[in-house]
Amino acid sequence: MVDFRFDIRPLFPEAIVRVTSNLLPHTFRGDRRQCLDATSKMSEIIDRLGELSATSQGLSKPVTTAQRLRMSENQTIYLLADTEAGHNGAVTGLLKVGNKDLYLFDETGQTRKVERAPSILDFYVHESRQRAGLGKRMFETMLREENWTPLKCSVDRPSEKLLAFFGKHYGLVRTIPQSNNFVLYEGYFNEANSSNGHAHEQSPQETKNGLHITNSPNTQLFGATYLGEDVNHRRRGSQQQKQNSSNVLLQQITQISPNGRYGARHPTCTMAEIISGISKCSTKGGGAGSGESSRIK
Ligand SMILES: CC(=O)SCCNC(=O)CCNC(=O)[C@H](O)C(C)(C)COP(=O)(O)OP(=O)(O)OC[C@H]1O[C@@H](n2cnc3c(N)ncnc32)[C@H](O)[C@@H]1OP(=O)(O)O
């Protein structure tokens, strides 16, 4: 548990509070002086939890800081407290989410631009309280508040623990390989799910004679992707054949393991690194302006 030199309880009238760029709990009511006091304390809480999260994940610097939250337009942090702990209460967990514009591969290897994709950016429960259901409690609160579904969440470079968490609580195991650090689960692009999560997906623009043409950085950098016989074969073949061939194609395209931050093999020069210079869309760990690209071990 994480305790502070001040009493955290007035900041947590509810066990879980939401904090956005004003650095105030969503429950906050008060005058100017109280507001300054609350933001200063909230900043300290966020910075401390952010540091602990980074240490726990083996990151060289925090993904989450109060300063970054203050500068962000569409990020929300959920904080979980135990107001019964010690004299001043304690904070036990943090979950940061946001909407990001992402270029993503779908199951067939085609690039899609997904605007405002619901994204899980940082998630931490204090070591003394892990595996006790607190992560699930925070995550469920977040899903309800944001009106998201687990399947529509893209996850920024998940740890093995978080992959296990998704598997256990939501049965999400099979991922769609990407060239960036985000992990998506199979079914992400299914029509039935596309209305959930507020993401707006742009379909691939054209497939002509096996050439896949989009406005994405992938196409801008490397030209149209030649899918050739493979795509025709997949059109004709059964669903299973479709899956197998697209998996091979995806492996060739991405050359990256889908298994989280520790398992991922990183190409010496990723397309995303090149793209980050020319596009505002995130292709690696958050991309321009987001700060999540600092997910560096
Ligand atoms: C985008 C990102 O933020 S990636 C980084 C994610 N954060 C981390 O890896 C930091 C360290 N880990 C944690 O803070 C927590 O374990 C979280 C946030 C991943 C999950 O929170 P918890 O409160 O532990 O989750 P909760 O109790 O609801 O669910 C438990 C399940 O999560 C997974 N899990 C949690 N801890 C572990 C662990 N040490 N080893 C393997 N799986 C784990 C398991 O599936 C576990 O179920 P099980 O105990 O039956 O095996």
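Numbering of residues begins at 1 and proceeds along the displayed sequence. Fair warning: this is a prediction, and the values are worked out from it, not measured in the lab.
Between Val183 and Gln178, every side-chain heavy-atom pair lies at or beyond the 4.5 Å cut-off. Val63 is listed as a side-chain neighbour of Lys96, based on a closest heavy-atom distance under 4.5 Å. A 4.5 Å side-chain heavy-atom check between Val2 and Ile45 finds every atom pair outside the cut-off.
For Gln34, there are no side-chain hydrogen bond (donor to acceptor under 3.5 Å, both in side chains) partners two or more places apart in sequence or in a different chain. The side-chain hydrogen bond (donor to acceptor under 3.5 Å, both in side chains) search around Asp3 returns none, not counting sequence neighbours. Arg32 meets the side-chain hydrogen bond (donor to acceptor under 3.5 Å, both in side chains) test with no other residue; sequence neighbours excluded.
One distance of note links CZ of Arg9 with CG of Asp82; it measures 11.0 Å at 0.5 Å rounding. Rounding to the nearest 0.5 angstrom, the gap separating the CG atom in Leu69 from the CG atom in Asp122 is 11.5 Å. With rounding to the nearest 0.5 angstrom, the CG atom of Leu24 is 12.5 Å from the CZ atom of Arg18. Here the CG-SG distance, from Leu121 to Cys153, works out to 10.0 Å after rounding to the nearest 0.5 Å.
Using a 4.0 Å cut-off between charged side-chain N and carboxylate O, Lys100 and Glu115 make no salt bridge. In this structure, Asp37 does not pair ionically with Arg33, as no charged nitrogen and carboxylate oxygen lie closer than 4.0 Å. Using a cut-off of 4.0 Å between Lys/Arg side-chain N and Asp/Glu carboxylate O, Arg129 and Glu127 are scored as not salt-bridged.
Judged purely by distance below 3.5 Å, without hydrogens or angles, the side chains of Ser53 and Gln57 pair a donor atom with an acceptor atom. At a cut-off of 3.5 Å, with distance as the only test, no side-chain donor of Glu51 or Tyr124 sits close to an acceptor on the other residue.
One N or O on the side chain of Ser154 and one on the backbone of Pro118 form a donor-acceptor pair closer than 3.5 Å.
With Phe4 as the aromatic partner, Arg48 meets the cation-pi criteria of under 6.0 angstrom to the ring centre and within 45 degrees of the ring axis.
Aromatic ring centres of Phe123 and Phe165: separated by under 6.0 Å. Phe139 has its ring centre less than 6.0 Å from the ring centre of Tyr170.
Remark: Glu73 CD is loosely packed, at most 12 non-hydrogen atoms of other residues, nucleotides or ligands lying under 6.0 Å away.
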